[in-house]
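Keep in mind it's a predicted model, so treat the numbers as computed, not measured.
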Amino acid sequence: MKKIHSKHTVLPIRLPAFVLTVVALIFASGGCRDPYMGQMFELDEGDETKITNIAFMEKYPEDYSLFLDFLKAADYYNALNDASSTVTVFAPDNAAMDSFMKIKDISSFDQLDSAYARQVIQVHMLRGSLNEASFIQYLNEGSIGIPTLFGDYLTLSYGFTNRDIDDVDLANSKPEDTLSIYINNMASVRDIAHQTVNGMVYKLGGVIRPLIETVVEKMRDYGEYELFLEAIEQAGMTGLLNITSDTVQQAMGGYTVNPVNYTVLAVSDETFRSAGIQTMDDLENYLAEKDPAGRSGIARSDSNSVIRRYVSYHILAGANTKSSLTYSLTPNETKVFDTFQAHEIITIQTLVGQTFINRGSRDVCGFVRSDIKASNGYVHKIDGILPVWCPEPSVVVWDFCNSTDIVAIANSYGAANNLGNLYSTPSDAAEYKVDITKSNPYGTIHSFDYKLASTKGTWLRIGYWKCKANTDATLDYENEFNAHLNNLLILNLGYTGWIEFTTPTIVKGTYRVELYYAGAKALAKKFYGGGSAVKFTLDDFLKQHYLWKGWESSQQAVQGEVLFPNITFETTQSHSFKAVFMDANASTISTYRQMWDYVKFIPLAEE
């Protein structure tokens, strides 16, 4: 049997998208009955490339007999024996399956919950045939860009690392068994890429466990967040945090299923005890002193309750890793994040390698154990109580594409095209443009509204653009446009077309507001002299600007322009931001488009 090769690098290979075959539909539906039961299949015993995945594994019962029993118990055995359906199978060997049974405390696979059994099977399978060269290339990239039938992406690494430890310990930990390849940091790859008539078989030395626990269930499994979980329950938010997807009916018929993700800043029982908080009454009394805008002594699920406000303040939209929360454009930058508590924000700042949440408050805290992954987001354990707090004004960088709906659409496009989670992957040699109008097939847009006017343009009307990597060694850019987060918002609205957003929450104060956007050499001759007119409205403030005016003909990287030099917000809240295209060329020139990156709100010192 073929063994794994040592480390080496191959040229990038991008697998084509495979058709969703009958067997994939069976897997995705989660049906409890094997529709191929009793059907016969022709096999060629002399050539392993002419027999099915099942027949291959049956040739080696000393390796796969228990996994075959598992497939039968989960009603997947005959489905994988269909020679017309191409599937890559990561098959745990007998020792791995035996260990799995001991962990689950079962003597027969029939004792497992049937839905869970199918989820375990699905996370071990990919649509299509993943050959050795592509597998090694994905190993170099760190993950397989093809989603499993369970719907997630498998990570690849040399060796495994214990990640279920505090951040300070993780920083000093080293991978173990580095001569072996591991999938999802839990299952070693023993044999690689055995070709069959309907796919490939890889032998594993462990069982990949599907990530099915929500953020609430993850915290419950740890057993150290009991008071925080009780607060979530009494605030009436447990159901919300157990949601993993949202099904939306489309105006033209049909439905779109959108993933739902949260980021939870979780407080441990130990941290509560260190502040003298043992019970819910203790917590309510503590918060009543810290949060004057909240009320105590009322139903804790009431939106004005200090408990409800507190829990909401610990929840952010989207699946945010610690690295995404701490990434900044400039050193020592203070990042601002909206919470589920309306008009209340948290700040995150990294100084000399140490990260602070709400630095400047008396209750400043940091991360203890980050990136606890759940099926619907991340949990980050923090070392403080983190009550609601209003910070001083700070710089806010609002990236147009960094919203949960656009992220989800970009990642759904990536999944459909074997690109992995497109939004967060580094830029590569290719660029990707994704339609994000309301008619796009990948998800529902809710972060902006718009009106399209007529146009002769060939560009997407509104699009997400994942920029390709920079290849000019003289420029210190990660991508060709030096775009924040490697993306741009494409706007091809036409003359009098408009788009309107709601900004993040901005702390009350006086700011300079700047727009950062990219150019294109194809537009230089026509627009880099006098510019292209756009009317911007921020709440009741209105000003017309001529974008690209005065740019050098060779410029295309992102540049900044002041939209409003001095604007005062009297209250802490979000704001309406609208742009109307006032250039007739937007409807008559086929190459016309605008490419926006972000808006920056810069607080001005009081005079």
Assign the ring pair Trp398 / Phe400 to parallel, tilted or perpendicular, where the plane angle (0 to 90°) is split at 30° and 60°.
tilted

With Asp539, which residues qualify under salt bridge (charged side-chain N to carboxylate O under 4.0 Å, His left out), at least two apart?
none

Report the residues that fulfil salt bridge (charged side-chain N to carboxylate O under 4.0 Å, His left out) with Lys381, sequence neighbours left out, ordered by chain and then residue number.
Glu224

With Asp371, which of Thr321, Val379, Leu325 fulfils side chain to side chain contact (heavy atoms under 4.5 Å, CB included)?
Thr321

Before accepting this row, confirm whether a basic side-chain N of the pair Glu344/Arg309 lies closer than 4.0 Å to the acidic partner's carboxylate O.
yes

Report the C-alpha distance between Val215 and Tyr378 in whole Å, list the side-chain angles of each, state the deciding distance to 0.1 Å, and finish with yes or no for side-chain contact (heavy atoms from CB on, under 4.5 Å).
CA-CA 7 Å; Val215 288; Tyr378 286 92; over 6 Å; no

Heavy-atom count check: over 12 atoms from other residues, nucleotides or ligands less than 6.0 Å from Asp476 CG?
no

Contacts of Phe564 that satisfy ring pair (Phe, Tyr, Trp, His ring centres under 6.0 Å) - sequence neighbours left out:
none

NZ/NE/NH1/NH2 to OD/OE distance under 4.0 Å, Lys322 and Asp167:
yes

Just how far is it from atom OH of Tyr464 to atom CD1 of Ile406, taken to the nearest 0.5 Å?
9.5 Å

Should the ring pair Phe536 and His545 be called parallel, tilted or perpendicular, given that the plane angle runs from 0 to 90° and is split at 30 and 60?
perpendicular

Drop me the distance from Asn566's CG to Arg512's CZ, to the nearest 0.5 angstrom.
10.0 Å

For Ala430 and Tyr432 the tightest heavy-atom approach is CB-OH, 3.4 Å

Give the table of side-chain donor-acceptor pairs shorter than 3.5 Å for residues 488-497, with sequence neighbours excluded, one pair per line with atom names and distance.
residue	atom	partner	partner atom	Å
Asn492	OD1	Thr455	OG1	3.3
Asn492	ND2	Trp459	O	3.1

Flag the pair His314 / Phe228 as yes when their ring centroid distance falls below 6.0 Å, and as no otherwise.
yes

Would you give the length of the straight line joining atom CD of Gln354 to atom CZ of Arg359, rounded to the nearest 0.5 angstrom?
10.0 Å

With a 4.5 Å heavy-atom cut-off, do Trp551 and Gln559 have their side chains touching?
yes

May I ask you to check whether over 12 heavy atoms, not counting those of Lys433, lie within 6.0 Å of atom NZ?
yes

Decide if atom CD of Glu552 counts as having more than 12 heavy atoms of other residues, nucleotides or ligands within a radius under 6.0 Å.
no

Using side-chain contact (heavy atoms from CB on, under 4.5 Å), reason through Ile506 and Val396 one step at a time and then give a plain yes or no.
CA-CA 8 Å; Ile506 307 296; Val396 175; 4.0 Å; yes

Using side-chain heavy atoms (C-beta onward) and a distance below 4.5 Å, is Val534 in contact with Gln544?
no

Are any side-chain N or O atoms of Tyr423 and backbone N or O atoms of Asn487, one a donor and one an acceptor, separated by less than 3.5 Å?
no

Checking Tyr442 now: which residues fulfil ring pair (Phe, Tyr, Trp, His ring centres under 6.0 Å) with it, not counting sequence neighbours?
Tyr413

Under the side chain to side chain contact (heavy atoms under 4.5 Å, CB included) test, residues paired with Ser532 that sit two or more places apart:
Phe527, Trp548, Asp583, Tyr592, Gln594

For Ser361, which residues count as a side-chain hydrogen bond (donor to acceptor under 3.5 Å, both in side chains) partner, sequence neighbours excluded?
none

More than 12 heavy atoms of other residues, nucleotides or ligands under 6.0 Å from CD of Glu217: is that the case?
yes

List the steps, then state whether side-chain contact (heavy atoms from CB on, under 4.5 Å) holds for Phe340 with Leu316.
CA-CA 6 Å; Phe340 268 56; Leu316 314 179; 5.8 Å; no

Around atom CG of Asp472, are there more than 12 heavy atoms of other residues, nucleotides or ligands at under 6.0 Å?
yes

Do the side-chain N and O atoms of Ser375 and Thr244 include a donor-acceptor pair separated by under 3.5 angstrom?
no

Show every donor-acceptor pair shorter than 3.5 Å between a side-chain atom in residues 445-453 and any protein atom, with sequence neighbours excluded, or say none if there are none.
residue	atom	partner	partner atom	Å
Ser447	OG	Ser403	OG	3.4
Ser447	OG	Asp405	OD1	3.2
Ser447	OG	Asp405	OD2	2.9
Asp449	OD1	Lys438	NZ	3.1
Tyr450	OH	Lys438	N	2.8

Sorted by chain and residue number, the side-chain hydrogen bond (donor to acceptor under 3.5 Å, both in side chains) partners of Tyr313 (sequence neighbours excluded) come out as Asn358

Phe150: partners by ring pair (Phe, Tyr, Trp, His ring centres under 6.0 Å), with sequence neighbours left out
none

Test of understanding: with side chain to side chain contact (heavy atoms under 4.5 Å, CB included), list the residues that count as partners of Val397, not counting sequence neighbours.
Leu329, Glu333, Val395, His484, Tyr598, Lys600

Relative to each other, are the rings of Tyr511 and Phe569 parallel, tilted or perpendicular (30° and 60° limits)?
tilted

Under the ring pair (Phe, Tyr, Trp, His ring centres under 6.0 Å) rule, collect the residues that match up with Trp389, sequence neighbours excluded.
none

